[in-house]
Amino acid sequence: MIRYISSRNRLESAAPHEAVIRGLASDGGLYTPEFLPVHIGPEEIIGLPYQDIAAKILGALMDDYTEEEIRACVTGAYDSKFDSGEIVPLTKTERGWLMELWHGPTSAFKDIALTILPRLLTAAYRKENRNDKVAILTATSGDTGKAALSGFADVEHTAITVFYPEIGVSAIQKLQMATSRGNNVEVIAVKGNFDDCQRMVKEAVSNEEVKAACKGVTISSANSINAGRLMPQVVYYYSSYAKLVENGTIKCGDEVNFVVPTGNFGDILAGYIAKQIGLPVKNLICASNTNNVLTDFLNTGVYSLDRKFHTTMSPSMDILISSNLERLLFMISGNDDKLTASMMKDLKEKGSYSVPEEMMAKIRSTFRGYWTSEEECAAVIRDLFRKENILIDTHTAVGQMAMYRYQDETGDKTPCIVLSTASPYKFCHDVLACISGEDIRDDFAAMDRLEELSGMPVPSQLKELRDLPVRFRRVIETSDGMHVIAERMKEIANG
């Protein structure tokens with residue numbers, strides 16, 4: 001069985017189902033596979049529907065779940081909630097392909113993992129015959145929040161609390177969260193940025209006031225720091241590769257490049273895991289907006305927070321502390337927990353850390369980094385719509401620009417798949433302004449106008465927002481975070 005061990009103390013280990021329940025290791029480290037004794041060649045999944053690919057890959061990576069448990073989780077997650085029977089369609093562009101990850105119930109790529117994570121968690125609880133409650137604490141820069149709220153709404157034995165930056169998510173993203181249904185959900189805005197929200201969630205695990213409040217309550221997370229959130233993302237790398245084989249673009253075994261709009265590094269790390277277990281991935285191209293901490297890291301080997309934080313039109317990438325990079329460093333270093341813990345300590349205390357050059361050489365053998373300005377992002381959206389009649393959101397545009405830069409710089413003709421992470425209608429004001437120059441402040445009016453211009457239907461779950469009541473309006477200071485979480489734990493403990 002694969003053991004998941006803490007990136008900061010490899011003596012702390014968990015079975016896959018235990019890692020799902022706990023979310024974050026007690027020392028603040030991230031549960032990471034101790035090793036990957038798994039090989040799934042692309043020839044094994046050609047022609048299979050998405051559900052079968054998911055069952056095969058998740059069954060291998062989370063191997064203490066039975067085949068029946070994994071199958072039940074997969075079929076329960078990937079069904080009519082998605083508006084495409086393919087779950088993840090692939091669309092051709094002039095210079096590559098778009099992997100459309102936004103056909104789920106909240107119109108963002110987070111749905112792929114957050115429709116199955118509650119099922120994995122419920123199955124894990126059944127394994128242990130537990131009756132206590134698990135408190136899901138989630139930080140979001142926009143899309144994770146609603147996807148987690150949707151996935152965990154009224155799920156037995158759970159309660160979910162989502163923290164998001166008061167300023168820095170789109171109006172549609174905010175409304176999606178504020179109108180969430182479910183008796184076990186809570187949504188709180190924070191006077192800070194995503195990094196502040198994420199810091200609160202991580203700190204809660206070891207905070208004494210919070211721990212004292214957790215009577216019969218286990219804290220977990222729906223962020224990609226949870227292994228049960230990360231591993232389902234491996235699946236769509238395989239499914240999109242299979243589509244290129246099936247449509248004759250490549251032969252089975254040929255290499256493919258993937259471009260990933262990246263904030264917290266989880267989505268691109270899933271691509272690295274796919275490569276480690278047998279998918280022919282040549283390069284993983286890390287695409288950033290003006291918060292280009294990852295681009296600088298890949299170029300210099302120094303991760304530094306000594307930089308201005310930018311609020312952009314691609315808010316889900318407005319992140320300076322990319323948590324899942326810790327997992328990559330741990331894996332690349334050969335599970336050197338002391339080195340990883342030391343780097344994370346330096347980041348917390350000094351605001352930066354440096355990675356040894358031999359490790360950076362290994363990282364650069366797979367990862368490339370590029371960043372995109374706001375003006376370039378707008379131009380990509382406009383040009384792709386005008387030239388190819390393809391409408392993309394602001395995050396996908398950052399990925400598209402990174403693909404252009406990589407191809408122009410290297411001349412590499414390897415087929416390139418850009419991960420398209422959200423529906424353009426989640427960012428309708430900015431997308432409309434990019435393609436037509438119109439500045440319509442009312443988001444629903446902008447949504448209607450964008451639909452009129454593009455002919456692309458508005459997803460029903462976004463259209464219905466205009467008629468849903470707002471349930472959550474609370475705003476807190478970051479300094480109050482631990483007390484607020486402790487009070488929430490008492491509330492959950494008392495039912």
Side-chain angles (χ1 to χ4, degrees), residues 5-10 27-30 32-33 36 194-195 198-199 202 224-225 230 257-276 281-310 317-373 398-399 401-403 405-410 412:
I5 57 176
S6 169
S7 54
R8 301 183 192 181
N9 176 12
R10 58 187 179 187
D27 59 1
L30 277 62
T32 306
L36 287 168
F194 169 78
D195 293 318
Q198 183 166 250
R199 195 177 298 112
K202 286 186 171 183
S224 55
I225 55 178
L230 176 64
N257 291 323
F258 290 93
V259 186
V260 191
T262 304
N264 217 14
F265 210 76
D267 210 7
I268 198 166
L269 182 67
Y272 179 73
I273 292 171
K275 179 173 182 174
Q276 295 302 107
V281 177
K282 183 177 183 182
N283 285 305
L284 292 164
I285 299 159
C286 179
S288 300
N289 60 20
T290 49
N291 292 297
N292 56 359
V293 63
L294 285 166
T295 308
D296 286 351
F297 167 72
L298 289 169
N299 288 333
T300 67
V302 177
Y303 196 102
S304 174
L305 303 180
D306 184 16
R307 60 185 62 238
K308 183 179 178 182
F309 178 86
H310 299 276
M317 299 162 65
D318 291 346
I319 295 171
L320 294 184
I321 301 176
S322 301
S323 286
N324 273 285
L325 184 59
E326 180 176 341
R327 274 193 175 109
L328 177 68
L329 297 174
F330 183 59
M331 295 169 78
I332 290 284
S333 69
N335 295 356
D336 189 335
D337 52 350
K338 290 184 173 58
L339 176 62
T340 308
S342 172
M343 289 189 285
M344 295 307 108
K345 185 170 183 284
D346 285 347
L347 184 66
K348 183 177 181 179
E349 296 178 356
K350 303 175 184 177
S352 68
Y353 61 81
S354 298
V355 174
E357 186 52 43
E358 61 270 22
M359 278 178 61
M360 285 308 304
K362 292 179 184 178
I363 291 170
R364 292 183 185 123
S365 68
T366 296
F367 292 88
R368 306 286 291 266
Y370 298 88
W371 70 275
T372 300
S373 70
V398 170
M401 187 67 205
M403 180 183 73
R405 281 223 165 89
Y406 170 79
Q407 290 175 334
D408 292 344
E409 179 184 292
T410 65
D412 187 1

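What you see is a predicted model; the values in this text were computed from it and never measured.
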[X] [atom1] to [Y] [atom2] distance, which is reported to the nearest 0.5 Å:
{"X": "Asp337", "Y": "Ser7", "atom1": "CG", "atom2": "OG", "answer": "8.5 Å"}
{"X": "Phe297", "Y": "Ser354", "atom1": "CZ", "atom2": "OG", "answer": "9.5 Å"}
{"X": "Met331", "Y": "Ile273", "atom1": "CE", "atom2": "CD1", "answer": "5.0 Å"}
{"X": "Ser333", "Y": "Leu339", "atom1": "OG", "atom2": "CG", "answer": "5.5 Å"}
{"X": "Tyr370", "Y": "Asn299", "atom1": "OH", "atom2": "CG", "answer": "8.5 Å"}
{"X": "Asp336", "Y": "Ser342", "atom1": "CG", "atom2": "OG", "answer": "9.5 Å"}

[X] versus [Y], closest heavy-atom pair with distance:
{"X": "Ala287", "Y": "Val259", "answer": "CB-CG1, 4.3 Å"}
{"X": "Phe265", "Y": "Cys286", "answer": "CE1-SG, 4.4 Å"}
{"X": "Ser224", "Y": "Arg327", "answer": "O-NH1, 2.9 Å"}
{"X": "Asn257", "Y": "Asn283", "answer": "OD1-N, 2.9 Å"}
{"X": "Ile319", "Y": "Ser322", "answer": "CG2-N, 4.3 Å"}
{"X": "Ser373", "Y": "Thr290", "answer": "CA-CG2, 4.0 Å"}

Aromatic ring pairing Phe367/Tyr272, orientation class (parallel under 30°, perpendicular over 60°, tilted between): tilted
Side-chain donor/acceptor of [X] to backbone N/O of [Y], under 3.5 Å:
{"X": "Gln198", "Y": "Ile321", "value": "yes"}
{"X": "Arg405", "Y": "Trp371", "value": "yes"}
{"X": "Ser352", "Y": "Leu347", "value": "no"}
{"X": "Arg368", "Y": "Leu298", "value": "no"}
{"X": "Asp27", "Y": "Gly29", "value": "yes"}

Heavy atoms, side chains only, cut-off 4.5 Å: are [X] and [Y] in contact?
{"X": "Ser323", "Y": "Lys202", "answer": "yes"}
{"X": "Glu326", "Y": "Leu329", "answer": "no"}
{"X": "Asn289", "Y": "His310", "answer": "no"}

Which is it for Ile285 and Met403 under the side chain to side chain contact (heavy atoms under 4.5 Å, CB included) test, yes or no, and what are the steps along the way? CA-CA 8 Å; Ile285 299 159; Met403 180 183 73; 6.0 Å; no
Apply side chain to side chain contact (heavy atoms under 4.5 Å, CB included) to Tyr303 and Val293, showing your working. CA-CA 7 Å; Tyr303 196 102; Val293 63; 3.6 Å; yes
If the threshold is 4.0 Å, N to carboxylate O, is there a salt bridge linking Lys345 and Glu349? yes
Crowded around Asp306 CG? As in, over 12 foreign heavy atoms under 6.0 Å? no
Checking side-chain polar atoms at under 3.5 Å, does Asn291 have a donor or acceptor matched by the opposite partner on Asp318? yes
